[in-house]
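Just so you know, these numbers use all the heavy atoms, side chains as well, and skip hydrogens, waters and symmetry mates. Given the structure is predicted, the values throughout are model-derived calculations rather than measurements.
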Amino acid sequence: PALTPHTRFKVWTDSAVAIRVNVMAYALLRAATLTSCDDARYERLFRAMLDHILLLCADHFFSGTDNHGLLQILGLLVFTKALPCFSWGAHVQALATKRLRKLLERMVTSEGFVREHSSEYQAAILPILANMERFLTEESDRQFLRTQLKSLRAALAHFIRPDGSLAPLGDTPPFISPSTLNEITRARARVARQKDLALFPKSGYAFVRARLGDNAANNVSWLALQGAFHSRIHKHCDDLAFLWSEGKQNILVDSGQQYGYDGLLFVGPLYDKGFYFSAPNRVYSESVHAHNAVEIHGESYSRKIPPPGALPLSGGQLSEKYWLLEGEWQRPEGFRQQRRLVFSPARWLLVMDEVQPLSVASPEHTSFSQWFHLDASLNLLSCERGQACAMLPDKRKLYCQNLNYGELSHHKGEFAPRMQAWQATESTQWLEPAWTIGVHQRGKAAQFATLFSLCGPCISFRVIKHVCHIQFENESGDDIILQL
């Protein structure tokens with residue numbers, strides 16, 4: 001009978017075939033010792049395994065750009081190791097190793113980051129590669145793989161937040177998977193050796209890990225800016241989104257991953273924008289308003305556009321107390337966005353966005369929104385007259401101030417007019433309500449300046465050319481030169 005889309009997608013997908021080969025090779029060897037397995041049954045099993053091997057060897061079936069290809073390569077290597085009696089096994093081994101080199105060149109940047117926009121997948125491929133090494137027959141191939149593993153492990157450490165969790169970028173669950181626990185434990189041990197500033201222009205990531213004393217987690221301020229758009233693979237609408245943690249307290253977070261294959265799409269408005277599934281929680285988690293990002297026209301931009309690769313990110317230490325991370329991109333909606341994160345570790349974070357039209361024909365009344373997602377452990381106390389105040393679990397207060405024109409809004413666990421202010425805290429199958437703050441402007445262009453402070457409200461703020469003046473209660477004002 002003809003295959004249904006569901007059967008084709010779930011049963012005969014690239015990774016499903018690869019995983020079954022591992023089981024079938026074991027089953028074939030085990031069945032050979034069982035008197036209860038007659039010749040006819042053994043022949044069916046044998047022919048089924050050959051069908052899988054031939055399918056995996058076919059060039060048109062090979063996933064040559066993502067982690068599924070690694071599973072396919074591993075399946076072929078396991079087969080040749082388990083059943084060395086086949087004369088053509090050497091050809092399968094050579095094909096697998098050739099594909100491995102080409103795939104890793106495409107998947108991994110020269111800085112060691114996987115081009116799949118997810119810290120979880122950065123970790124997930126490591127045990128696959130580590131397991132693969134023992135199936136390679138040539139020393140040159142094993143050495144190549146060891147070099148890749150070293151680079152990938154070094155990059156993974158940058159995704160470790162001070163509380164030891166993985167940064168929730170892209171399709172990353174809110175928990176540590178058992179299969180990646182050993183690699184994440186290894187990455188946690190590398191964190192103490194990292195520099196305060198880490199820029200990866202070829203990969204699309206920028207990190208500040210500022211130590212206020214020793215390397216104890218409670219003394220670390222961590223900020224990450226994301227600008228990776230290499231392909232559609234595990235990519236959310238999160239360009240120039242950021243994450244912020246102070247010690248073991250996460251402050252501004254991503255809404256997180258939602259997983260499942262319900263509502264597979266083949267056509268329609270969502271599909272045209274790059275959504276492959278219509279499940280509401282999954283659509284929400286991938287949308288721009290589920291991230292600390294700027295939304296235009298009240299909707300997500302299309303991820304079907306040609307990906308720009310890595311957006312131009314830069315950063316540096318402005319002075320002893322201040323850091324700057326910044327990025328820029330030409331958005332699919334026809335605007336250029338420049339984002340600046342001015343950061344005073346353990347004190348405050350200033351988010352400045354300038355959004356300008358690329359065409360003079362741009363509408364006069366475009367809507368722009370900055371979205372900020374507070375960690376689910378924070379409780380919003382008030383939100384009025386351009387200022388919000390939230391309480392941290394340790395009773396410290398976080399102030400949010402709109403320092404430019406526009407309106408402030410607050411949300412928690414909303415379904416209408418659309419899903420907003422939800423967070424994956426425990427599962428990839430459901431979301432929990434969590435506070436979200438929005439800053440909104442209308443016009444031909446937008447200029448945002450939103451301040452998050454742990455040291456009280458700001459009483460004076462202005463920007464003149466490249467100098468930012470900021471002052472808090474009971475403090476003298478500071479003039480910060482916003483140039484590296």
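Here Leu197 pairs with Leu199, Val208, Trp323, Leu325 under the side chain to side chain contact (heavy atoms under 4.5 Å, CB included) rule; sequence neighbours left out. The side chain to side chain contact (heavy atoms under 4.5 Å, CB included) test applied to Arg339 returns Leu225, Leu240, Phe242, Val294, Gln337, Leu341, Val351, Asp353, Gln370, not counting sequence neighbours. Checked against side chain to side chain contact (heavy atoms under 4.5 Å, CB included), Phe61 has the following partners two or more places apart in sequence or in another chain: Asp14, Val17, Leu55, Leu56, Ala58, Gln72. The side chain to side chain contact (heavy atoms under 4.5 Å, CB included) test applied to Leu212 returns Ser221, Pro345, Ala346, not counting sequence neighbours. Residues forming a salt bridge (Lys or Arg N to Asp or Glu O under 4.0 Å) with Arg186 (at least two apart in sequence, or on another chain): Glu183. Residues passing the salt bridge (Lys or Arg N to Asp or Glu O under 4.0 Å) test with Glu105, sequence neighbours excluded: none. When the salt bridge (Lys or Arg N to Asp or Glu O under 4.0 Å) test is applied to Asp163, no partner is found at least two apart in sequence or on another chain. For Glu364, the salt bridge (Lys or Arg N to Asp or Glu O under 4.0 Å) criterion is met by Lys444, not counting sequence neighbours. With sequence neighbours excluded, no residue forms a ring pair (Phe, Tyr, Trp, His ring centres under 6.0 Å) with Tyr399.
Counting only N and O atoms by type, the side chains of Thr425 and Glu432 include no donor and acceptor under 3.5 Å apart. Defined by atom type and a distance below 3.5 Å, a donor-acceptor pair is present between the side-chain atoms of Gln194 and His158. When only modelled atom types and interatomic distance are considered, Glu116 and Asn67 share a side-chain donor-acceptor pair under 3.5 Å. In this model, a donor atom of one side chain and an acceptor atom of the other lie less than 3.5 Å apart for Ser118 and Thr172. Looking only at atom types and distance, the side chain of Glu120 has a donor-acceptor partner in the side chain of Ser177 under 3.5 Å away.
Atom OG in Ser344 sits 7.5 Å away from atom CZ in Phe472 (nearest 0.5 Å). The distance from atom OG of Ser460 to atom CG of Asp478, rounded to the nearest 0.5 Å, is 11.0 Å. Note that OG1 of Thr428 is 8.0 Å distant from OH of Tyr259, once rounded to the nearest 0.5 Å. In this structure, CD on Glu473 lies 6.0 Å from CD1 on Ile459, to the nearest 0.5 angstrom. Distance check, rounded to the nearest 0.5 Å: CG of Leu451 to CG of Asn404 gives 12.5 Å. Atoms CE and CG, on Met391 and Asn379 in that order, are 8.0 Å from each other to the nearest 0.5 Å.
Taking the six-membered ring for Trp, His236 and His117 have ring centres at least 6.0 Å apart. Separation of the His234 and Tyr121 ring centroids falls under the 6.0 Å cut-off.
Contact check for Asp375 versus Leu252: no side-chain heavy atoms found under the 4.5 Å cut-off. Using a 4.5 Å heavy-atom threshold, the side chains of Tyr276 and Arg232 count as touching.
With hydrogens and angles ignored, the 3.5 Å screen pairs a side-chain donor or acceptor of Ser427 with a backbone N or O of Gln429. At distances below 3.5 Å, not a single donor-acceptor pair connects side-chain atoms of Gln226 with backbone N or O atoms of Leu169. When atom types are taken as modelled, the side chain of Ser285 and the backbone of Arg282 share a donor-acceptor pair closer than 3.5 angstrom. Judged purely by atom type and a 3.5 angstrom limit, Arg442 uses its side chain to pair as donor or acceptor with the backbone of His365. With Ser300 contributing its side chain and Val288 its backbone, the two residues share a donor-acceptor pair below 3.5 Å. Judged purely by atom type and a 3.5 angstrom limit, Ser119 uses its side chain to pair as donor or acceptor with the backbone of Ala167. Checking side-chain atoms of Gln423 against main-chain N and O of Ala434 turns up no donor-acceptor pair under 3.5 Å. Side-chain N or O atoms of Gln249 include none that pairs as donor or acceptor with a backbone N or O of Ile251 at under 3.5 Å. Remark: side-chain polar atoms of Arg188 are paired, donor with acceptor, to backbone N or O of Gly164 under 3.5 angstrom. Judged by distance alone, with hydrogens and angles left aside, the side-chain atoms of Glu333 form no donor-acceptor pair with the main-chain N or O of His297 at under 3.5 Å.
Counting only residues at least two apart or on different chains, the salt bridge (charged side-chain N to carboxylate O under 4.0 Å, His left out) pairs with a member in residues 385-398 are Asp394-Arg396. Under the ring-ring contact (aromatic ring centres under 6.0 Å, His included) criterion, the residue pairs touching residues 299-322 are Tyr301-Trp329, Tyr322-Trp348, with sequence neighbours excluded.
Looking at Glu475 and Lys321, no side-chain N of the basic residue comes within less than 4.0 Å of a carboxylate O on the acidic one, giving no salt bridge.
Ring geometry for Phe335 against Phe368 counts as perpendicular: the plane angle is over 60°, on a 0 to 90° scale with 30° as the lower cut. Classified by interplanar angle (parallel below 30°, tilted 30° to 60°, perpendicular above 60°), the ring pair Trp12/His52 is tilted.
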Can you give me every donor-acceptor pair (side chain of residues 303-314, partner residue at least two apart or in another chain, under 3.5 Å) with its distance?
| residue | atom | partner | partner atom | Å |
| --- | --- | --- | --- | --- |
| Arg303 | NH1 | Lys235 | O | 2.6 |
| Arg303 | NH1 | Glu286 | OE1 | 3.0 |
| Arg303 | NH2 | Glu286 | OE1 | 3.1 |
| Lys304 | NZ | Tyr271 | O | 3.0 |
| Ser314 | OG | Glu326 | OE2 | 3.3 |

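Of the listed residues (Trp371, Trp435, Trp422, Phe372), just one forms a ring-ring contact (aromatic ring centres under 6.0 Å, His included) with His411, and that residue is Trp371.
Looking at every heavy atom in both residues, Arg418 comes nearest to Gly298 through NH1-O, 3.2 Å.
Within 6.0 Å of CD in Gln356 there are more than 12 heavy atoms belonging to other residues, nucleotides or ligands.
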- [ ] Decide yes or no on side chain to side chain donor-acceptor pair (under 3.5 Å) for Gln447 and Tyr405, but give the supporting numbers first.
- [x] CA-CA 8 Å; Gln447 283 190 318; Tyr405 69 93; over 6 Å; no
